[in-house]
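Here is the structure we will look at, set down as structure tokens.
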Amino acid sequence: MLARALARYLPGSLLVVDRGWGELIAHGVGVDFLKALGVVGVVGIDDVDSRSLVESLAALTERRTGYGHVVVLSTRLLLDVEADIARVVRAAKDVAGGSAYQKVVVATNISEAAHMDADPVAYAGGFRAVHGRLVGLTGDATGVSIEEVLHVDVPCMVFGKNAFAFPSRSGASFLGDSTTTTSSGRDAADMERELQARIVVNAHLLVSVSKMMDVQPEVFCVGPLSERVGNVLAYVPAHDSTRNVRAAFCIVDRALDTATPSEHSGYFLQQMLLCDAAGGPIDNVDDAVDELRPSMFHPGDASTSSGYVEFLTSKTQREALLFVRKWLKEAIRQSSLKFTGRSSKPGAVSAEDLEALCQVLRDDPAARARHSSLLQISEIACRCLRGHAAWAEGKSKAEHVARLSAEDGPDSLTSLILDELDAAKRGGVISVFDVVRHLMMGSFWLKRVGGAGVEEPRRAAIAEALAAACAARRGEERMSWIPEGAEADEQLVEVSRNVVEVVCSLPAGRSLREMTEDVLSKRDVPGMRHIGTSIAGLVKSGLGRIGIGSGSPVDYEIIVVFVLGGVSAGELADVRATVDSSGVHAGRTVLVGGSTMIVDPNDTLASVFSEL
């Protein structure tokens, strides 16, 4: 789709990409594919100041001349990045001098209709109006012109045959950033507008996904935000499926289960799916190869990396590591090579074991080329085992203790949290951020076993201890909710109360695996609402509202479970295992998607605090 939409612009072009497009490129086509299309340079736009961008463009100009276009790729609403686009145009003017950069093309993976739905006033004239606004912002850029603003229909990253996610740094993402400052400076109206824009973008991207699948979506929602997405999606004109196939899109709020993706039990699987673009500028495509991993999900060798990833994410972490070792041994045997190292223990895998096996394949050029995808996955496993095994194990054990404490009741959980906050003040493996995450997870588990959660006066005691821990660790740990500035100390107690209140008030719904089991077993999913998008669907959902029945997702040949707020690697494995063992999936396809891929357990908590 990228090649088709930009076919006349890519040869000889310089791509200026945001982080979202970096993820799409890395997971989708890879840099080698861009080189084959004639792209001669890739530059990151995020967090790059004007001087750095000019230096990158100048370096490219020295290497090659005669660029046809500068192509700016964005995964956000265009008015949100207009300052970045204007900066690119001005930088191109400063560098061009002659005819090196004549045309600038702006492309986004968010459709024109989505822009107009997100903000009917700002985008009243569609992309034509955006083009005029950008031209006005860039001023007199002699020798440089913005030729076109267009939509490139590349909505998501694909993980194997039955999983997808939108980029984690895009207009669809609900993830906050735990290192940023608090958003308390924004008023409620601004926050609501931003939230509605993300909801609209998710709805339109889901329509794009349905077009890729050549199906017509029928929407089922669980949770208030998901219902808002479903209501938008119901009014987006659907394409005509050439197969006349309807698919059930089950949209689920992430807030209904914040505990599952917050665990460190699948660290290797999470890191295997972490394939991000570089944060700074990339001088040319050759330099970009190491950053935009070209072989991870689009390998050039005979073995399919996406097949490895799909298989491994259906296993537990221990099983996945054992399979990586087995595949390395098979690759050595198939290449007629010999491994002279010591035999490893049958049920255990170490970084040293994997590294020794990888080295045998690396030492043979033909084997290294043939098994590049396997080597890359194996290297990720080595890094996780070597650098983070003890760290991840410590986190996992602490999470297990928090769960046991929650099962004992609110007094036990409160006592554990207070002890952890006291220890966190002095630094260590468990940070203040971790303790708040344990409180969030413990509150979830308390409610799951029928308790009321952590209530007053326990919340007040935890908030007081949290304020003290944050004050002690300010400067050592950066957390979005810790206020800064002259009045920080006065605000800290109140902010800590708000944090505890938000964390302890989160709902406790069913896990993604449990909801998938309910759907495949035709059991009622608590809180699920059917929002009809077709005449038949409207009839069914209308009958459901008066108690006659509204159908079930399992009535459809294709079921898409989409988590609004992101899906984790562990949940992919859970859902795949559920589908494989359900006995009702024969003849049906079940896919799992998320508004982002959660590859860091802290992302879930960061998402909660992105709205504080």
Side-chain angles (χ1 to χ4, degrees), residues 2 5-6 8-10 12-25 34 39-58 60-61 67-96 100-112 114-116 118-119 121-154 167 169-173 194 197 201 277-282:
L2 175 67
L6 298 174
R8 63 194 179 101
Y9 301 125
L10 290 180
S13 69
L14 167 69
L15 295 189
V16 183
V17 302
D18 65 6
R19 284 183 177 270
W21 262 104
E23 292 176 69
L24 287 170
I25 291 170
L34 296 180
V39 174
V40 296
V42 180
V43 178
I45 195 174
D46 291 341
D47 305 320
V48 179
D49 59 31
S50 298
R51 180 177 178 182
S52 297
L53 184 57
V54 169
E55 290 173 353
S56 298
L57 294 170
L60 281 164
T61 305
Y67 291 100
H69 292 85
V70 176
V71 180
V72 181
L73 297 177
S74 173
T75 53
R76 289 169 283 175
L77 294 171
L78 290 176
L79 292 188
D80 294 340
V81 293
E82 63 180 7
D84 290 331
I85 297 170
R87 180 161 42 85
V88 171
V89 174
R90 286 192 291 269
K93 173 195 172 186
D94 292 341
V95 173
Y101 300 94
Q102 295 181 350
K103 308 288 186 182
V104 175
V105 175
V106 179
T108 173
N109 74 329
I110 302 174
S111 68
E112 185 175 25
H115 279 76
M116 297 173 75
D119 193 331
V121 176
Y123 298 104
F127 283 170
R128 184 185 297 273
V130 173
H131 179 271
R133 181 181 174 89
L134 291 173
V135 170
L137 280 174
T138 55
D140 179 22
T142 306
V144 179
S145 64
I146 300 177
E147 182 172 344
E148 188 175 2
V149 177
L150 72 158
H151 172 224
V152 179
D153 201 4
V154 183
R169 295 294 180 264
S170 73
S173 177
E194 291 180 14
V201 169
I282 304 167

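Here, residue 1 is the first one in the sequence, and each next residue gets the next number.
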Closest non-hydrogen atom pair, Ile110 against Phe127: O-CZ, 3.8 Å
What's the spacing between Leu77 CG and His115 NE2 if we round to 0.5 Å? 4.5 Å
Are the side chain of Asn109 and the backbone of Val154 linked by a donor-acceptor contact shorter than 3.5 Å? yes
Show your working on side chain to side chain contact (heavy atoms under 4.5 Å, CB included) between Leu15 and Leu10 and close with a plain yes or no. CA-CA 8 Å; Leu15 295 189; Leu10 290 180; 3.9 Å; yes
Between Thr75 and Asp18: side-chain donor-acceptor atoms closer than 3.5 Å: yes
Test side chain to side chain donor-acceptor pair (under 3.5 Å) applied to Glu148 - qualifying residues, sequence neighbours left out: Arg8, Tyr9
Test side chain to side chain contact (heavy atoms under 4.5 Å, CB included) on Leu134 and Val149 and set out the steps. CA-CA 10 Å; Leu134 291 173; Val149 177; 4.3 Å; yes
Sorted by chain and residue number, the side chain to side chain donor-acceptor pair (under 3.5 Å) partners of Glu112 (sequence neighbours excluded) come out as none
Going by heavy atoms in the side chains, are Val105 and Val70 under 4.5 Å from each other? no
Could I get the full list of side chain to side chain contact (heavy atoms under 4.5 Å, CB included) partners for Ala107, not counting sequence neighbours? Leu6, Leu73, Leu150, Val152
Can you tell me how far apart CG (Asp84) and CG (Leu78) are? Round to the nearest 0.5 Å. 11.5 Å
Under the 3.5 angstrom rule, does the side chain of Ser170 hit a backbone N or O of Pro167 as a donor-acceptor pair? yes
Applying side chain to side chain contact (heavy atoms under 4.5 Å, CB included) to Asp119 and not counting sequence neighbours gives Val121, Ala122, Tyr123
